[in-house]
Amino acid sequence: MTSQQRPERSPEYPLECDHCHYPIPGEPEETDDGQFCSTTCLEADEEGDEVPDPSAYKRIVTGVEPLDSLVPNGVPADSFVCLSGEAGTRRSELLTELVWRAVERGEPAVILTATTPPAAVLERFFENGWNVLPALEDDRLRLVDCFTRRLADPDAFRDHRGEWIEFVGEAAADSIISIEEPTDIEPILRELNAALDDLEMTETGLVAIDSLSELARGLETDHVHEFVTETRATVCKARYVPIFGGRTAGDEGVAIDESIFDGVVDLRLADHLEPDTRLRQLGVRKLTGARFLPQWITYEYEPVRGLLASVVEAAGQATPGGPPSREMQGVRERR
C-alpha cells in the first residue's frame, strides 16, 4: 500500500535471492525452485516460509513534495523522525499532510495529540479540504488523546462545543482513545501499541505526534527520552512503522536529546535578500540509512495541495515550482 523504492542493486551482484530478495554476493545456492544467497534462505524456502519483498515496506515516499524532493530514495520505514520548527513554519500542516497522504494511499494511521482536542485535530484536515470521515468510518484512523484529561473541566469543554465540532467528535468517538492519566508514560505506550494492534499496523501506515514538547511537558517527570526510545523500538524497528513527531525548535523548557532520533528535519523562517520578505524553508539535518540532499528548500502552503516546493524569483517572491526531481526510478505502490 505504500509507495516504496527498491534498494539499488550493485552491478557487481546482479543476482537476487529468491527468498530474502537481497543481492547474492557470492555463488548462489541453487535448486530446481530457484537460487538463494545462503543455506538459511534455501531451507526457509523449502519449508514454505515467505519473506516479503523489502522494496514493499522498507522505504516510504511520504507524498509531501518538499520532503520527498530532499530524500530521493524514500524515508526508511523504521525511522523515528523529529520535525523541529519554530512558530509559523507550518509544522502542524506538515504533520497533517503526512497523515493524509498515508490515508489517501489506503493505509492506516494513528495520531497522538498533546496540544489540542481530537476534534480540533480532525478539523485541520477539513480546513485543508481533506475529508477524513470515510477513514474514521472504515477504521483506518485512530487518535490517542493525551490532551483532554489535562483540561481543568473536560465536561465543560464538551458541553460548549459548536454543532460542527460536536458532529466531528461524535463521528470520531469510536476512533478516539482517551488517556485518563496523561502524566504517566505507561498508559500512553500501552494504548498506542493497542491501537497499532487493532489496525494491524505492521509494515504499513504511520504514527504522527503533534508535539513531543507538549507531551514531555505533561509528564510527571522527564520521561520523553524513555518514550522515544520505547516507541522507536516497539513501533519503528519491530513493525516498520515510521513515527513523525513535532517539536518546537529552541524550546528551552523541554530538553530533548536529538541523538535518539533516526532523523531530524528542520523547518525555519529565513529572511530573504529582498527587504520585508520572510520565506519558509525545510532541510534534512539527519536521516540514518537514507541519502538526502544537504540543502534548504523553500516551500509554500496551499489548501488541498498541501506543502509545495517553491522557486524564489529575483523580486523575492516565492512561487510554486513544478514536481521535484526525485530520482524515483522503480517506485511502486503496494496494493
Side-chain angles (χ1 to χ4, degrees), residues 2 60-68 70-71 75 77 79-105 107-130 132 135 140-147 172 175-176 188 192 195 201 205-216 224 227-228 231-232 235-236 241-249 251 254 256 258 261-269 280-285 287 299-308:
T2 306
I60 70 166
V61 180
T62 68
V64 179
E65 183 179 292
L67 182 57
D68 288 342
L70 293 180
V71 190
V75 176
S79 298
F80 195 129
V81 180
C82 175
L83 306 177
S84 179
E86 58 189 301
T89 54
R90 301 281 190 184
R91 190 185 67 222
S92 294
E93 282 83 353
L94 173 54
L95 282 163
T96 301
E97 184 174 358
L98 284 166
V99 174
W100 173 250
R101 298 306 175 196
V103 169
E104 193 176 41
R105 293 189 296 266
E107 298 181 38
V110 174
I111 304 171
L112 192 153
T113 175
T115 62
T116 191
V121 172
L122 296 173
E123 178 60 19
R124 293 174 184 161
F125 291 92
F126 294 110
E127 289 170 350
N128 280 280
W130 300 329
V132 290
R140 285 181 288 127
L141 183 61
R142 294 282 178 89
L143 297 99
V144 179
D145 180 10
C146 297
F147 175 82
S175 301
I176 297 172
I188 300 173
L192 175 59
M201 286 177 64
L206 62 80
V207 174
I209 303 171
D210 64 352
S211 177
L212 291 165
S213 301
E214 286 302 316
L215 184 65
V224 66
F227 174 82
V228 172
T231 54
R232 179 173 174 265
V235 177
C236 305
V241 173
I243 298 177
F244 294 89
R247 180 195 176 196
T248 304
D251 187 349
V254 178
I256 300 178
E258 292 184 339
F261 299 110
D262 298 291
V264 178
V265 176
D266 293 310
L267 297 92
R268 72 178 185 182
L269 296 173
R280 297 182 181 90
Q281 294 183 322
L282 180 150
V284 179
R285 190 194 326 166
L287 189 56
Y299 64 92
E300 284 297 317
Y301 159 79
E302 184 178 318
V304 181
R305 297 182 66 188
L307 270 61
L308 305 169

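In this text, all values refer to a predicted model and were calculated from it rather than measured experimentally. Keep in mind that the numbers below use all heavy atoms, side chains included, and drop hydrogens, waters and symmetry copies.
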Arg124 vs Thr116, side-chain contact (heavy atoms from CB on, under 4.5 Å): CA-CA, chis, key distance, verdict: CA-CA 11 Å; Arg124 293 174 184 161; Thr116 191; 3.5 Å; yes
Has Arg280 got a side-chain atom pairing as donor or acceptor with Gly88's backbone, closer than 3.5 angstrom? yes
Side chain of Arg247, backbone of Leu83: donor and acceptor closer than 3.5 Å? no
What's the spacing between Glu93 CD and Glu127 CD if we round to 0.5 Å? 8.5 Å
Measure the CZ-CZ distance between Phe261 and Arg285 for me, rounded to the nearest 0.5 Å. 10.0 Å
Distance in Å, Arg305 CZ paired with Glu300 CD, rounded so as to fall on 0.5 Å steps: 11.5 Å
Backbone of Gly283 reached by a side-chain donor or acceptor of Asp266 within 3.5 Å: no
For Thr115, is there any backbone N or O sitting under 3.5 Å from a side-chain donor or acceptor partner on Asp210? yes
Is the shortest heavy-atom distance from the side chain of Ile243 to the side chain of Val81 under 4.5 Å? no
Side chain Asn128, main chain Trp130, donor-acceptor under 3.5 Å: no
Is there a donor-acceptor pair under 3.5 Å between the side chain of Arg268 and the backbone N or O of Glu86? no
Pairwise side-chain contact, Phe126 with Val132, heavy-atom cut-off 4.5 Å (strictly under): yes
Say you draw a straight line from OG1 of Thr113 to CD of Glu214; how long is it, rounded to the nearest 0.5 Å? 10.0 Å
Flag side-chain contact, heavy atom, 4.5 Å: Arg91 against Thr248: yes
Return the CG to CG distance between Leu282 and Leu307, rounded to the nearest 0.5 Å. 8.0 Å
Can you find a heavy atom in the side chain of Ile111 that is under 4.5 Å from one in the side chain of Val144? no
Measuring only between side-chain heavy atoms, which start at C-beta, is Thr89 closer than 4.5 Å to Leu269? yes
Keeping the roles fixed (side chain from Asp68, backbone from Thr62), state whether a donor-acceptor pair exists under 3.5 Å. yes
For Phe125 and Thr96, work out which heavy atoms get closest and say how close. CE2-O, 3.4 Å
Between Glu258 and Val264 (side chain of the first, backbone of the second, donor and acceptor by atom type, cut-off under 3.5 Å), is there such a pair? no
Could you walk me through whether Ile188 and Phe227 pass side-chain contact (heavy atoms from CB on, under 4.5 Å), step by step? CA-CA 9 Å; Ile188 300 173; Phe227 174 82; 3.8 Å; yes
Taking every non-hydrogen atom, the tightest pair across Leu287 and Ser79: CD1-OG, 4.4 Å
I need the Glu97 CD to Glu65 CD distance, nearest 0.5 Å. 9.0 Å
Show the nearest heavy-atom pair for residues Val75 and Val71, with the distance to one decimal. N-CG1, 4.1 Å
With a 4.5 Å limit on heavy-atom distance, are the side chains of Phe80 and Ile209 in contact? yes
Mind listing the closest non-hydrogen atom pair of Val103 and Ala135 along with its distance? CG1-CB, 3.6 Å
Taking the side chain as everything from C-beta on, heavy atoms only, tell me whether Leu267 gets closer than 4.5 Å to Leu94. yes
Looking at every non-hydrogen atom in both residues, tell me the closest pair between Leu112 and Cys146 and how far apart they are. CD2-SG, 3.8 Å
Measure the shortest side-chain to side-chain distance between Leu122 and Leu143 over non-hydrogen atoms and say whether it is less than 4.5 angstrom. yes
Minimum-distance pair of heavy atoms, taken over all atoms of Tyr299 and Pro66: CB-CG, 3.7 Å
